[in-house]
Amino acid sequence: MIDLEHVLVVAALLFSIGLFVALSKRNAVGILMGIELMLNSVNLNLVGITVAAAEAAVALALAVAVYRLRESIDVDRLNLMKW
Amino acid sequence: MEDTAVIVAFYVLAIVTLGSALMVATVRDLIHAVLFLVLSFVGVAGLYITLSADFVAVVQVLIYVGAISVLMLFAILLTPRSGRDNASVPYAAPIGVLAGLIGAVIIFVGLKTDWAKADGGNAFETTAAEIGKALLDPYVIPFEVASVLLVIAMLGAILLVRPSDGGEPG
């Protein structure tokens, strides 16, 4: 059997890589990829796949809707609500 | 399965998963990043199999490797003028330090906790039959709530990208 601690370490490393991707990418789809990596690492310890699928569908629809309005999904240029 | 073979497979799959996740962070082209993300999802599905969670592994392949990656590719292909580069923000280095610190804290807490107190219960021979029984007997309400959540998410996604009444999309 595999030690529980090794699974936890792999999941924690995957989570921190996902966090880095989610915080550092400029493209909205790139940010979503980081979020999916983090959800995957949590799923490695607990199981919650339904929420991940629902979140991905809505977020990608939002990305397409924003692109239609602004012709860009670069989050640095989505500053309409910035004061 | 042999015990040592499972352990070797676990480490190989862990290296594949973490390596392709790192490639998602560093590769230049967004399409390539999605493909490395798919490889990382496949690695996680293999990790489930080494942890004897066969049903979850199949679901992982169906939902993540199948559906979510296709959704992401479509989202990239439907937004052609936004650029395909997978560029990072200028202050990526402090974000990397922050992510490393948070990962170190999670690893520290995970190793410090005495998991022997947590009772894992009985190990299942096959998980699919047990999960099916559990979903339809004690957990039928959460199961139905999850399906309502999926229907609402699907309706929301359709509504967001539906052409408005004037015929113009958005």
Side-chain angles (χ1 to χ4, degrees), chain A residues 1-30 32-34 36-37 39-41 43-45 47 49-76, chain B residues 3 6-7 10 14 17-18 21-22 24-25 30 33-34 37 40-41 44 47-48 50-51 56 59-60 63-64 67-68 71-72 74-76 78-79 81-83 85-89 92 95-96 98-100 102-103 106-107 110-111 115 146 149-150 152-154 156-158 160-161 169-170:
Chain A
M1 271 304 286
I2 298 143
D3 287 342
L4 177 66
E5 281 79 7
H6 297 186
V7 183
L8 291 174
V9 168
V10 170
L13 288 175
L14 196 61
F15 183 87
S16 46
I17 294 171
L19 183 68
F20 173 73
V21 173
L23 288 180
S24 70
K25 291 301 165 199
R26 301 175 67 129
N27 195 301
V29 179
L32 195 68
M33 285 196 275
E36 292 298 334
L37 278 176
L39 283 169
N40 245 289
S41 76
N43 283 350
L44 209 52
N45 297 340
V47 181
I49 286 177
T50 315
V51 181
E55 168 265 341
V58 173
L60 289 167
L62 276 175
V64 173
V66 166
Y67 174 77
R68 282 179 177 167
L69 283 175
R70 306 293 303 270
E71 296 222 334
S72 168
I73 49 172
D74 183 342
V75 288
D76 279 356
Chain B
D3 231 25
V6 173
I7 291 172
F10 176 82
T17 306
L18 293 175
L22 276 176
V24 172
L30 201 56
V34 175
L37 190 71
S40 182
F41 288 161
V44 172
L47 288 178
Y48 285 139
T50 64
L51 298 171
V56 184
V59 170
Q60 165 89 5
I63 293 180
Y64 278 99
I68 289 183
L71 268 178
M72 285 189 166
F74 265 83
I76 293 171
L78 284 172
T79 56
R81 268 168 290 181
S82 62
D85 67 322
N86 190 21
S88 295
V89 288
I95 294 173
L98 175 74
I102 290 177
I106 297 173
I107 290 172
L111 295 183
W115 294 104
L149 170 75
L150 279 176
I152 293 172
M154 190 172 67
I158 293 171
L160 278 172
V161 296

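In what follows, every chain begins at residue 1, and chains take the letters A, B, ... in the order their sequences are listed. Since the model is a prediction, treat every value here as computed from it, not as a measurement.
No other option in B/A21, B/G110, B/A14 has as many heavy-atom pairs under 4.5 Å with chain A as B/A21. Note on A/A59, A/A11, A/S16: by heavy-atom pairs under 4.5 Å with chain B, the leading option is A/S16.
Heavy atoms of A/L8 lying under 4.5 Å from chain B belong exclusively to its side chain. Proximity to chain B is limited to the side chain of A/V21, based on heavy atoms less than 4.5 angstrom apart. Contact annotation for B/L37: only side-chain heavy atoms (C-beta onward) come within less than 4.5 Å of a heavy atom of chain A. With a 4.5 Å cut-off on non-hydrogen atoms, A/V66 does not touch chain B at all. Contacts of B/I102 with chain A are made by side-chain atoms alone, with heavy-atom separations under 4.5 Å and no backbone atom involved. Using a 4.5 Å cut-off between heavy atoms, B/A33 contacts chain A through both its backbone and its side chain. Heavy-atom distances place both the backbone and the side chain of A/L62 under 4.5 Å from chain B.
For the atom pair B/L71 CG and A/L32 CG, the distance stands at 9.5 Å (nearest 0.5 Å). Here A/F15 contributes atom CZ and B/I106 contributes atom CD1; the two are 5.0 Å apart, rounded to the nearest 0.5 Å. Between atom CG of residue A/L14 and atom OG1 of residue B/T17 there is a gap of 7.0 Å, rounded to the nearest 0.5 Å. Rounding to the nearest 0.5 Å gives a distance of 8.5 Å between CD1 of B/I68 and CG of A/L60.
B/I95 has its side chain out of reach of A/L19: every pair of non-hydrogen atoms, C-beta onward, lies at least 4.5 Å apart. Contact of the B/Y64 side chain with the A/L39 side chain is registered, since non-hydrogen atoms from C-beta on lie closer than 4.5 Å. A/L13 places a side-chain heavy atom less than 4.5 Å from the side chain of B/I107. Using a 4.5 Å heavy-atom cutoff, the side chains of B/S40 and A/N40 are not in contact. At a threshold of 4.5 Å between non-hydrogen side-chain atoms, the residues A/R26 and B/S88 do not count as touching. Between A/V10 and B/L47 the shortest side-chain heavy-atom distance falls below 4.5 Å.
Looking at every heavy atom in both residues, B/A153 comes nearest to A/V58 through O-CG2, 3.7 Å. Of all heavy-atom pairs spanning A/A57 and B/A157, the tightest one is O-CB, 3.9 Å.
Remark: side-chain polar atoms of A/R68 are not paired, donor with acceptor, to backbone N or O of B/T79 under 3.5 angstrom. In this structure, the side chain of A/K25 engages the main chain of B/A25 through a donor-acceptor pair within 3.5 Å.
No side-chain donor-acceptor contact under 3.5 Å links B/Y48 and A/N43.
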**OP:** Verify side chain to side chain contact (heavy atoms under 4.5 Å, CB included) between A/I17 and B/L22, making sure each step is shown before the conclusion.
**Re:** CA-CA 7 Å; A/I17 294 171; B/L22 276 176; 3.9 Å; yes
